[in-house]
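As structure tokens, the structure follows; a few thoughts come after it.
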Amino acid sequence: MKSALNYHQTMALLKFDLRESFNSVLWVGYSWFYFLFQFFVYGTLISKLVITVQNYFFYYGTGLIILSSFNIASWAGRRFVEGAHEGRLRYVLSLPIGRSEFFLEQLVVGVIVNIVRMVPPLILVLWLSGLLTWINLVSTLLVLTLVAVGIMGLMISLSVIAFKSFDIYSAIVASLSALLIRFSTINYPISSMNSLYAQISLFNPVSYGADLFRRALGLDTPLLLNPDFSLSVVAALCVGTIFLGIFFISKFVEGVKSS
Amino acid sequence: MKQWQAVLRVIKVDLSYFFRTKWLIVTLVTLNLSDMLVVGAVYTNMMNFDYFVFYVPGVIIAAMFAAALDVGRRVHLGLSEGVTQYYLSLPISLESLALAHILSAGLGGLIYSGILLVVALAIVPKLISFSTLIMIPFMFLVSMGLGGIAAIINLFSGGGDRFWAFAEGIQMIFLGMSTVFYPISVIQSFFPGYLMSIILLNPLSQITNALRSAISPVPAITLFSLGQIAVTSFLMLAMGFLCYRYVFIKVKNQGKI
Amino acid sequence: MTYDLVKKYGSVMALDNLNLNVNKNEILVLLGPNGSGKSTFLHLISTVLKPTSGTAKVMGYDIIEQPLKVRQVTAISFQEPRGFWRHKPKHILSFHASMYGINGAERSAIVEKTMKEFELWESRDKKFMDLSGGQAKRLEVAKLFVHKPQVALLDEPTAMVDLDGKRIMWDKIKELKESGCTVIVATNEVREAEYLADKISIFAKGKDVITESLRNLKDTLKGGDVVDLEFTNAIDDLVIGTLGAIPGTVRIIKTLDNTLRAFVTKSEDWLPLATMHTHDMGLRLSSIRVAEPSLDDVFMNIVKSQVIK
């Protein structure tokens, strides 16, 4: 009975949050515009300069999809922090829904938003590369979902710790962006990095996510990290961040301070 | 209180928001430094020229743009949170308030990019030159111009959360259509000719090129190029000033934007 | 029922070993100055906040051990109506009802009825952020009426609401109680407390200083009842001395030759004795007037005494 009730509540919240997330056409449109501009303008210009990677335009485009997933995950975390400050969080905390279910619901909303926003750019990249087949689309979507769950889980978990302050959350996102994006294979392969940067990037799960995604797209080059190991790292990231998030939300989250 | 004193007080409040926590500024500076030291360095390995040295001034100017827009975002928040309405109840004229916000953006952008410039001087010693020094007041001018863009966004984004979408979009277009991150030769091979004059008139291109003149003699700083920076920046800040003024009049008439 | 409930925000003690019992199906009003811990108490009971130590039971469920069960029987209306800025009131209430298992046609009907009762129907298509302060507050309170929880927690339910609206909301809160709900209201407004309360609990510095019915609370104020006596003839010091010796007399003064003003703790106990003594002394009373202390007086007195402590 309890689980049935919780399922009903979780679905009601999921539906409500999804409606809110897609309420603004502006944001969805903006994310597509952002991708297109980055891909065609920045991607074309930088690929005219890069000489060490064959078809860097495609490499850049695939990295951009993972980067956009990171940005959407940051947005989901920010939305959580915003919710705490706008009073939405304390209201949800007063509703008959378990904390773990609440975390999972936030995660699912974030992943769905990510997929919906990223599918059109993904199709575009596949089409431009002449790789648009059903198999490629499904396999890349599966990998993208896996990567999105991992990154989303991480960002929401961090927002759960930092929910009392926008500044703390902004600092966390900036630090993670410096670490997880710059020191990763999102924009450049390991072989282009000096040894120190390469060592750091090899400890970064985002590197494995980005390269696994490229493999799923059909890119097969020695520039990419080992696919089996990459899959294991990304799966571990997903499971790890889900447990971490559930632990954090049960341990730390409460309504904002009141008199 | 005299108007100039009121302007100074508003600037102080605007900047206190921007520099509210030292550790956040440190984190953001670290992010920009990681751009310089990691992205710039790795791309140099992938290209046939020293992209790192080329990229560093670009990062400084891009950071200046972000900082100037962030001050504008504070004004936007102030509009929805009632801070502007409070300002309008104080003995400060609409024009002084508009000017204060533009000056705040100029100072915010200059101080933030100044921090990065100091670091950049350490990692790219070639930047230490007289031409870099004379660029500082022009960076302030451009930063105020970018504050003017924030004002224009404030006018068109209205209430709600559209400011960020507009700001990020405009930031991306301004940076993409400039020589901030890419050499002019590459840009010329991609953009049609009629867009080239816009790209070259973009104050971001002008100020970044001017900063680069310390590293490379081409393009050199000329009185004409400095005049161009001054004129385009002034036009943008003047438009921003008028936009803020219009926004405040609207708030006075309607209670909100 | 709370057991040594403590909530600290850093070094600030918001609730200090609170032990409070609320009976089923009564309206308990929490009165207290700003920062006395009223809102914190409601947030703890609704499991929005976690206690630093101690616990509480709501309808038999422990707020630490069974928070989900607690949330299934409680609902809170927050002090500041915030949250869903871009949603319409109808959607907000509809979502709230769905979270308590009300679905389909029943939900639509309840939402419409509630919105009409709270005079929100006209604003059903406005966004939350476009509502006036009073409308937003009414919407916040209306949430509780779409599902009628077993325990309703209301934090300053009528703040920002006009006089007419206050009346409507007070009557609705009373209806809530009549439908079997236990209601806890936190407020600064003494008139609200007088209108609604079965019992009043006065909070100060995170503690429940006193919990009593309105009547008993007024009686706690020493010399709070003012009794004016008018005699047919002039009175002397003997009369003042005799009446002043009646238990519960705090002060007695002669206002005119034939009138007295007595400050007593419980006028209903004091007056029979006073009339008896007057009769024994052969005097005749031409008029008696009794004025009770206001709840403001009681409240201020209690809070002041806590501040001095």
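Per chain, numbering begins at 1; letters A, B, ... match sequence-line order. Heavy atoms only: backbone and side chains are in, while hydrogens, waters and symmetry mates are out.
Contacts with chain B were tallied for A:Asp167, A:Thr44, A:Val50; A:Asp167 has the most, counting heavy-atom pairs under 4.5 Å. Your options are B:Leu28, B:Thr30, B:Asn48, B:Ile173, and the one with the most heavy-atom pairs under 4.5 Å with chain A is B:Ile173. Residue with the most contacts toward chain B among A:Ile51, A:Ile181, A:Val41: A:Ile51 (heavy-atom pairs, distance under 4.5 Å). Counting heavy-atom pairs closer than 4.5 Å to chain B, the top-ranked of the candidates A:Ser175, A:Ser31, A:Ala174 is A:Ala174.
Contact of B:Leu33 with chain A is not made at all, since no heavy-atom distance falls under 4.5 Å. In this structure, chain B has no heavy atom under 4.5 Å from any part of A:Ile172. Interface remark: B:Ile25 contributes no atoms to any contact with chain A (heavy atom separation under 4.5 Å). Looking at A:Phe40, the atoms closer than 4.5 Å to chain B (heavy atoms on both sides) all sit in the backbone: N, CA, C or O. The parts of B:Ser189 that come within reach of chain A are both its backbone and its side chain, each placing non-hydrogen atoms under 4.5 angstrom from that chain.
For A:Phe33, the CZ atom sits in a packed shell: over 12 heavy atoms of surrounding residues, nucleotides or ligands are nearer than 6.0 Å. Shown here is B:Tyr86, whose OH atom has no more than 12 heavy atoms of other residues, nucleotides or ligands within 6.0 Å. The environment of B:Phe191 atom CZ is dense: over 12 non-hydrogen atoms of other residues, nucleotides or ligands sit within 6.0 angstrom.
Residue pairs meeting the side chain to side chain donor-acceptor pair (under 3.5 Å) criterion with at least one member in residues 179-191 of chain A, sequence neighbours excluded, are A:Ser177-A:Arg182, A:Arg182-B:Asp35, A:Thr185-A:Asp211.
Within residues 193-201 of chain A, the residues having any heavy atom less than 4.5 Å from a heavy atom of chain B are, in residue-number order, A:Met193, A:Asn194, A:Tyr197.
Looking at every heavy atom in both residues, A:Ser192 comes nearest to B:Val42 through O-CG1, 3.9 Å. For the pair B:Tyr182 and A:Leu49, the tightest heavy-atom approach, listed with the atom from each and the gap, is CD2-CD1, 3.9 Å. In plain terms, the two heavy atoms of A:Tyr42 and B:Met172 that are nearest each other are OH-O, 3.1 Å.
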Practice item. Apply side chain to side chain contact (heavy atoms under 4.5 Å, CB included) to the pair A:Lys48 and B:Ile187, showing each step before the final yes or no. Key: CA-CA 10 Å; A:Lys48 281 175 185 287; B:Ile187 292 171; over 6 Å; no
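The line from CD of B:Gln171 to OH of A:Tyr34 is 9.0 Å long, rounded to the nearest 0.5 Å.
Residues B:Tyr43 and A:Ile46 have side chains in contact (heavy-atom distance under 4.5 Å, counting atoms from C-beta outward).
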